[in-house]
Amino acid sequence: MAFRYINYIVAVLLGLSAIAQINDPDPLFWVLIYAGGALLSILYAFNKIHWIAAGLLAVIAGIWAVTIIPDLTATGFKNIFEEIGMQYVGVEAAREFSGLIIIALWSLVLAAKSKEDKTE
């Protein structure tokens, strides 16, 4: 029961994140990845998700996160919540990496839960 509410909260947060990406210099892929995570949560809520779809999004987000690793800096993570702007080196990379890791991990959770639900 608690997982259902957590799923709703994550769906809303990922949906809002997708909307926030519209102002990004390269919005298309960012909107799609966040919207994909939100869509998976919505599909899970209606028991319409296949674990492979969630697993695929997890792999895509994970690989994308790995490509950002060379741009990460300790300063970026230290200042990730300091300001809205991106004045410190690596802040944008740290935020992008963190978002992708969240999407990847949540997608893995949905994949595991949906596979578990199908076997019961």
Side-chain angles (χ1 to χ4, degrees):
M1 182 76 137
F3 184 79
R4 182 184 331 171
Y5 294 113
I6 293 169
N7 185 52
Y8 294 149
I9 291 167
V10 172
V12 169
L13 291 174
L14 289 175
L16 291 172
S17 296
I19 293 168
Q21 298 305 314
I22 293 171
N23 289 333
D24 197 78
D26 54 341
L28 180 63
F29 295 117
W30 290 106
V31 169
L32 288 175
I33 196 85
Y34 280 105
L39 179 62
L40 286 178
S41 291
I42 292 166
L43 290 173
Y44 182 85
F46 289 102
N47 201 24
K48 300 286 184 188
I49 187 176
H50 194 281
W51 69 270
I52 292 176
L56 182 61
L57 186 65
V59 169
I60 291 168
I63 290 171
W64 191 353
V66 168
T67 67
I68 294 174
I69 289 174
D71 299 328
L72 295 176
T73 65
T75 307
F77 278 109
K78 179 180 169 201
N79 298 304
I80 198 168
F81 297 111
E82 298 272 324
E83 303 180 21
I84 292 175
M86 311 245 191
Q87 296 178 346
Y88 297 100
V89 175
V91 170
E92 181 177 12
R95 289 179 180 168
E96 289 175 345
F97 179 81
S98 299
L100 290 169
I101 292 299
I102 290 167
I103 293 167
L105 292 176
W106 184 248
S107 296
L108 283 175
V109 168
L110 290 179
K113 291 287 286 177
S114 62
K115 189 169 184 182
E116 175 184 300
D117 292 347
K118 301 291 186 216
T119 58
E120 291 178 354

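The hydrophobic cluster containing Leu72 also contains Leu105, counting ILVMFWY residues as joined when their side-chain heavy atoms lie under 4.5 angstrom apart, directly or transitively. Ile19 and Leu100 are assigned to two separate hydrophobic clusters, defined by single-linkage of ILVMFWY side chains at heavy-atom distances under 4.5 Å. Grouping the Ile, Leu, Val, Met, Phe, Trp and Tyr side chains by contacts below 4.5 angstrom, directly or via other members, places Val31 apart from Ile102. Linking ILVMFWY side-chain heavy atoms closer than 4.5 Å, directly or via other members, places Leu56 and Leu32 in two distinct hydrophobic clusters.
With hydrogens and angles ignored, the 3.5 Å screen pairs no side-chain donor or acceptor of Ser98 with any backbone N or O of Arg95.
A distance of 15.5 Å separates OH in Tyr44 from CG in Leu39, rounded to the nearest 0.5 Å. Expressed to the nearest 0.5 Å, how far OG of Ser107 lies from CG of Leu14 amounts to 8.0 Å. Here the CD1 atom belonging to Ile49 is positioned 12.0 Å from the NZ atom belonging to Lys113, to the nearest 0.5 angstrom. From Leu57, atom CG reaches atom CG of Leu108 across 9.5 Å, with rounding to the nearest 0.5 Å. Taking OG from Ser41 and CG from Leu13, the interatomic distance works out to 9.5 Å, rounded to the nearest 0.5 Å. Separating the CG atom in Leu28 from the CD1 atom in Ile22 is a distance of 11.0 Å, to the nearest 0.5 Å.
Taking the side chain as every heavy atom from C-beta outward, Thr73 and Val91 never approach each other to under 4.5 Å. At least one side-chain heavy atom of Trp30 sits under 4.5 Å from a side-chain heavy atom of Glu96. Residues Asn7 and Leu110 have side chains in contact (heavy-atom distance under 4.5 Å, counting atoms from C-beta outward). Counting heavy atoms from C-beta outward, Val12 and Leu16 have side chains that approach closer than 4.5 Å.
Taking the six-membered ring where tryptophan is involved, the planes of Phe3 and Trp106 are essentially parallel, since the angle between them stays under 30° and well short of 60°.
Ala111 and Trp51 get closest at one heavy-atom pair: O-CB, 3.3 Å.
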